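Notes follow once the structure below has been shown.
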Amino acid sequence: MNISSVNNLTFGAKISQIPTIKVPANKKMALSEIRLKGYNAIIGGDVYMPSNMLEKHDLLFKDNQLIAIDDYDETKINTSINYVILENKKITPAGIDEHIHINFHDSTEQEIRCLLTRLAKGGLGGVVATTLPGTVEHIAKQIEILNNIMKYPMPNEAHLYGIHLEGPFLNPQKSGIHPPEILMNPSVENYKKLQPQNIKLVTLAPELDSNYELTRYLQEIGVIPSAGHSTASYEQIENSGIKRITHLFNAMSSLHHRDLTISNAGLLNPDITVELIPDGFHVDPMMMNLIMQQKKDDKIVLVSDALPHAGIKEPFVMNGVPIHVTDDWRALNDNGNLAGGMQFLFNLAKKLVDTTSITFQKFIQYASINPAKEMKVENDYKFEVGKSPNFTIWDSETLVPEKTFLA
């Protein structure tokens, strides 16, 4: 059988079920040893597909390219293939975090590259680097650094798909921990002052956007405007044409049964995609269940909103604001306000599955497939023959990501 002719919609015999195969000792590799060079068979994992998890299936790679699912080349099977035998593991597309800070706002190029390598080890295939409000000069400088990283990507770094400007176009009444004095009114003129390049998302307060000038300009140039840190009414969201809301329910007017708000729009408008922080603090698990019941599966994107020092329970300063970290991973300012996330996206899978009605299958859709479509890189996150997917291998019991492969 010629492996290059295998139809990705048809599954043949599993490599692991072929009784004649005897894996040579020098060809059996530990998961940590595999680099996807040459031929590699990853055997026996539960593989994510959009419709279901395929239990105990086999993937055959040549270099980074997936060349067979549950099939094999009889002429090469015992001679040139390295094998990883998986037990109790899941294989899924890697994650994409569209709202993650971890100090993209203040770090040097070398520091950011180290951060991207760290993120890849935690299960992320890519990120949209999220900045903070600041001076025009400072934001422009960080945009230049991030653009240089995108221009010259390095091996083992999570892919940098672009930049998310969370500010400076926020409403001072809902600025959260961000000092109001460093915010700016949303306008095309102010946006252009930032010397924007490779901007993918802009979080803004549409109620401050005169005639929705900036919102419509962003849509025209292919940038996604996302309403957030806002007091907008349901009607203002409708009139603006915005189809995305940043960290739903946080730093915005609350749900109301008569005076409909931005929060009502996020929950009730079927055309709006909503960001959710799934740490159990920013949105209560019972509300997460309500959101899942109300929203279509393709209109939910999970993000970490991970701050500097994420993963470390130590106090730190962000944008001049002291942040304290509690034992249960809440990041709070001196007034007790939530400042953002302290855990990375794929580290939240177990808690979310255990405390809500969200299945692991849905978690992957919300944390990988949906953001990949938003960033127009969905082909890099599919298990299809002929593609080179970014993917992660998990422990099935703990739902801890163990290794990520980047094409």
Side-chain angles (χ1 to χ4, degrees), residues 99-108 128-146 163-197 199 201-215 217-218 223 225-233 236 240 242 245-247 249-254 261-263 275 277 282 305-310 315-325 330-342:
H99 189 155
I100 178 171
H101 296 281
I102 59 165
N103 226 18
F104 287 118
H105 184 72
D106 280 322
S107 297
T108 66
V128 183
T130 308
T131 62
L132 297 168
T135 66
V136 167
E137 294 75 18
H138 185 83
I139 295 174
K141 176 185 174 184
Q142 289 306 116
I143 289 174
E144 182 181 4
I145 291 173
L146 292 166
I163 300 168
H164 176 177
L165 294 179
E166 189 184 20
F169 309 120
L170 313 179
N171 190 320
Q173 296 179 44
K174 292 294 180 180
S175 60
I177 67 163
H178 306 301
E181 62 271 15
I182 60 176
L183 302 180
M184 301 172 67
N185 279 332
S187 70
V188 175
E189 179 183 2
N190 283 339
Y191 177 74
K192 289 182 176 179
K193 289 177 182 178
L194 304 177
Q195 302 176 46
Q197 298 177 57
I199 308 299
L201 286 162
V202 176
T203 291
L204 55 84
E207 70 276 14
L208 302 182
D209 185 10
S210 179
N211 298 317
Y212 309 116
E213 172 193 352
L214 177 57
T215 299
Y217 172 76
L218 294 173
V223 175
S226 188
H229 290 269
S230 165
T231 63
S233 67
Q236 287 171 321
S240 71
I242 280 178
I245 290 181
T246 296
H247 45 51
F249 300 148
N250 289 276
M252 62 184 61
S253 300
S254 300
T261 69
I262 176 177
S263 292
E275 264 187 20
I277 306 172
H282 287 80
D305 199 8
L307 303 179
H309 291 236
F316 61 97
V317 175
M318 184 179 74
N319 227 9
V321 178
I323 305 296
H324 312 279
V325 184
R330 299 172 196 250
L332 307 172
N333 69 0
D334 289 338
N335 295 324
N337 297 323
L338 279 170
M342 287 302 296

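Here the structure is a predicted model, which is why all the values come from computation and not from measurement. Values below: all heavy atoms of this structure, side chains included; hydrogens, waters and symmetry mates excluded.
Proximity of a side-chain donor or acceptor of S233 to a complementary backbone N or O of T261 within less than 3.5 Å is not detected. The closest donor-acceptor contact from the side chain of N250 to the backbone of H282 lies under 3.5 Å. At distances below 3.5 Å, at least one donor-acceptor pair connects side-chain atoms of T130 with backbone N or O atoms of V128. In this structure, N103 contributes its side chain and S107 its backbone to no donor-acceptor pair below 3.5 Å. Side chain of N333 to main chain of N335: a donor-acceptor pair is present (N/O by atom type, distance under 3.5 Å, no hydrogens or angles).
Between the side chains of H247 and E166, at least one donor-acceptor pair of N or O atoms lies under 3.5 Å. In this structure, a donor-acceptor pair under 3.5 Å is present between the side chains of T246 and S226. Residues D106 and H138 have side chains that bring a donor and an acceptor to within less than 3.5 angstrom of each other. Under 3.5 Å, the side chains of K193 and N190 contain a donor-acceptor pair of N or O atoms. Looking only at atom types and distance, the side chain of E207 has a donor-acceptor partner in the side chain of S230 under 3.5 Å away. Side-chain contact, D334 with H324: a donor N or O sits under 3.5 Å from an acceptor N or O. Neither side chain, Q142 nor T131, offers a donor N or O lying under 3.5 Å from an acceptor on the other.
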*Assess whether side chain to side chain contact (heavy atoms under 4.5 Å, CB included) is satisfied between I143 and I163, documenting all intermediate values.*
CA-CA 8 Å; I143 289 174; I163 300 168; 4.0 Å; yes
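The aromatic rings of F169 and Y191 sit tilted, their planes meeting at an angle between 30° and 60°. Using cut-offs of 30° and 60° on the angle between ring planes, the pair H229 and H178 is tilted.
The number of heavy atoms from other shown groups lying within 6.0 Å of CD (E189) does not exceed 12.
One finds the CG atom of N171 at 8.0 Å from the OG atom of S253 (value rounded to the nearest 0.5 Å). Of the inter-residue distances, the one linking K192 atom NZ with L194 atom CG reads 12.0 Å to the nearest 0.5 angstrom.
Residues P315 and I323 are not in side-chain contact: their nearest non-hydrogen atoms beyond the backbone lie 4.5 Å or more apart.
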